[in-house]
Protein chains: 2
Amino acid sequence: MGHRLLSRCFGFKSNKLILKEELPQFNSTFSIDCVIFGFDGGELKILLIERNEEPFKDWWALPGNLVRANESLDQSASRILNELTGLGDIYMEQYYTFGDPDRHPQGRVVSIAYYALLRLGGDKALKPISTYAKQAHWVNVKDLPKLAFDHQQIFDKGLEKIKRRIKHQPIAFELLPEKFTLTQLQNVYELILGKKLDKRNFRKKMLSFGVLRDLDEKQKGVSFRAATLYRFDKRKYAKLFGKEISF
Amino acid sequence: MGHRLLSRCFGFKSNKLILKEELPQFNSTFSIDCVIFGFDGGELKILLIERNEEPFKDWWALPGNLVRANESLDQSASRILNELTGLGDIYMEQYYTFGDPDRHPQGRVVSIAYYALLRLGGDKALKPISTYAKQAHWVNVKDLPKLAFDHQQIFDKGLEKIKRRIKHQPIAFELLPEKFTLTQLQNVYELILGKKLDKRNFRKKMLSFGVLRDLDEKQKGVSFRAATLYRFDKRKYAKLFGKEISF
DNA sequence: ACATTTACTGTGTTATTTACACTAACCCTG
DNA sequence: CAGGGTTAGTGTAAATAACACAGTAAATGT
């Protein structure tokens, strides 16, 4: 068992009393919780599950799970997302770890939080749910139900993080289809930053970074003037090295 | 024991094979590692310990320890810092969690990383070291030895984080004494950002934020023209709400 | 053709950033 | 006490970025 090794390697004396007090591993574990943001062209949503197990049975919660013995934290987060959505190769980022001793009513569970960003195609089906959840739903971030555990806090911090990040990093594109219009891009910024932006200034600035490729192609299937489509050009972005995008 | 409860609450079936594969808590725990930055007026340093235990006996490492059963992560980080330096009420911030399955040779140890910022008075004695370390030293960040475990990676990420943070948040003052000169403040920015800044522009911008109080007092004990002393004014900073400092 | 809806465009004003070099004050030494 | 050494302290002009603001163009549907 691990405690002997661990106590030695961290220099604790092998006094059982001290061990019981100091070492948490007999009654603890770690999990991943994910704030999975999705954008469907109009609303910013996150994926919530309805729990089918105690504690917090029937409550809504962030998708999460225990970390397996042989997977890294990033792998674990990807797996959780994949198990729910069937998707892989999704942008995810670890942003904070929550570890209050009493955040979980049944033991010490330290939870490492990730956010994910993806685009919601109209037909994106969720995979069948595993036993611990009854169902999963995309919920508008402006209309969240009460959440289990400290998940409201985890969500709040996640939203705060992407607010900061979108100002300097090209993460908005993760929420959009490959081809998008400038208006859609502006929508993403406005939803995440929580404020209206001036259209002309937004377009001027965004184009000035030189990271968008004009596709010479128009939007289709809209009942009004079609907008031109753009694509985010990773090569051009890489060449910005040093210069920072800033909103 | 916790596994039963935990497996239930996360919806795993109580099948021992599955448990062994999926649940890590039998051979795992979590620790805190701290990048403790100190500024002595000239150099930016971090506190390293020389390990006295396997693995990595005799290597230099970041101060760290296991999290105790009843303390929060923040409390644990503060305790580790206090045990080494005797100091309390120090600025600390959690910034990333490292959890590769093989980052620790003797078991799964997920480590939550914190950075701390403090000023080094000339006479700041370190406390006697506990059994797991032979000694602790302040080491210039430009001259770090090879570090144990993945501690180089943990340090790198910590430095990266304070680089970002110092641009928008008033953390530089944590590294300085209460009364400081503008030149000292500029030194801190230059050391952390890793580049020279223009003196006149720096002073102009810094003063324009209106968060420094001119103390009508001069530096003492220098063998040249004495500079005026300033203090960071938290009240004035609080009133900036919304407006952001930016370098 | 007309109404409706969204795409698209430019300029003047103000604030911020940048680049840049000399004098002032103080200490120390001879 | 004069002069050398060292750091403190100061201003301006030019370039760039930020901001406020409104009307025409293009496509669709009736």
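The structure presented is a predicted model; accordingly, all values stated were derived computationally and were not measured. These values consider heavy atoms only, across backbone and side chains, with no hydrogens, waters or symmetry-generated copies. So that the names make sense, note that chain A is the first sequence line, chain B the second, and so on, each numbered from 1.
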Within this structure, what is the [atom1]-to-[atom2] distance between [X] and [N], rounded to whole angstrom?
X	N	atom1	atom2	value
A:K199	D:dT24	NZ	C1'	12 Å
A:K196	D:dC21	NZ	C1'	17 Å
B:R203	D:dT7	CZ	P	13 Å
A:K218	D:dT28	NZ	P	12 Å
A:Q219	D:dA26	CD	P	16 Å
A:Q186	C:dT9	CD	C1'	14 Å
B:L185	D:dT7	CG	C1'	17 Å
B:L197	C:dA19	CG	C1'	14 Å

Assign each of A:F224 and A:D198 to its nearest nucleotide of DNA chain D by heavy atoms, then name whichever residue's nucleotide is nearer the 5' end.
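It is A:D198, whose closest nucleotide lies nearer the 5' terminus.
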Of A:R200 and B:S223, whose nearest nucleotide on DNA chain D comes first from the 5' end?
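Nearer the 5' end of the strand: B:S223.
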B:E93 and B:R165 ion-paired at < 4.0 Å:
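B:R165 and B:E93: salt-bridged.
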Charged N to carboxylate O below 4.0 Å: is that the case for A:D58 and A:K134?
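A salt bridge is present here (some side-chain N lies under 4.0 Å from a carboxylate O).
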Could one point to a donor on the side chain of [X] or the base of [N] with an acceptor on the other under 3.5 Å away?
X	N	value
A:K205	D:dA17	no
B:R225	D:dA8	yes
B:K204	D:dT12	yes

Among D:dG9, C:dA7, C:dT18, which nucleotide sits nearest the side chain of B:N201?
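Within the option list, the nearest is C:dT18.
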Any side-chain heavy atom of A:L144 within less than 4.5 Å of one from A:W60?
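Contact flag for A:L144/A:W60 side chains = no.
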Output yes when at least one side-chain N/O atom of A:T183 is less than 4.0 Å from OP1 or OP2 of C:dA7, else no.
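For A:T183, the contact criterion (side-chain N or O under 4.0 Å from OP1 or OP2 of C:dA7) is met.
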Can you tell me if the side-chain N/O atoms of A:T228 get under 4.0 Å from OP1 or OP2 in C:dA7?
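No, A:T228 has no side-chain N/O under 4.0 Å of OP1/OP2 on C:dA7.
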With no hydrogens and no angle check, is any side-chain donor or acceptor of A:Y115 less than 3.5 Å from a backbone partner on A:L159?
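Between the backbone of A:L159 and the side chain of A:Y115 there is no qualifying donor-acceptor contact (under 3.5 Å).
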Between A:D100 and B:S72, a side-chain donor and acceptor under 3.5 Å
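No donor-acceptor contact under 3.5 Å links the two side chains.
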Using a heavy-atom cut-off of under 4.0 Å over every strand shown, decide if A:T181 touches base, sugar-phosphate, or nothing.
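Nothing, no heavy atom under 4.0 Å.
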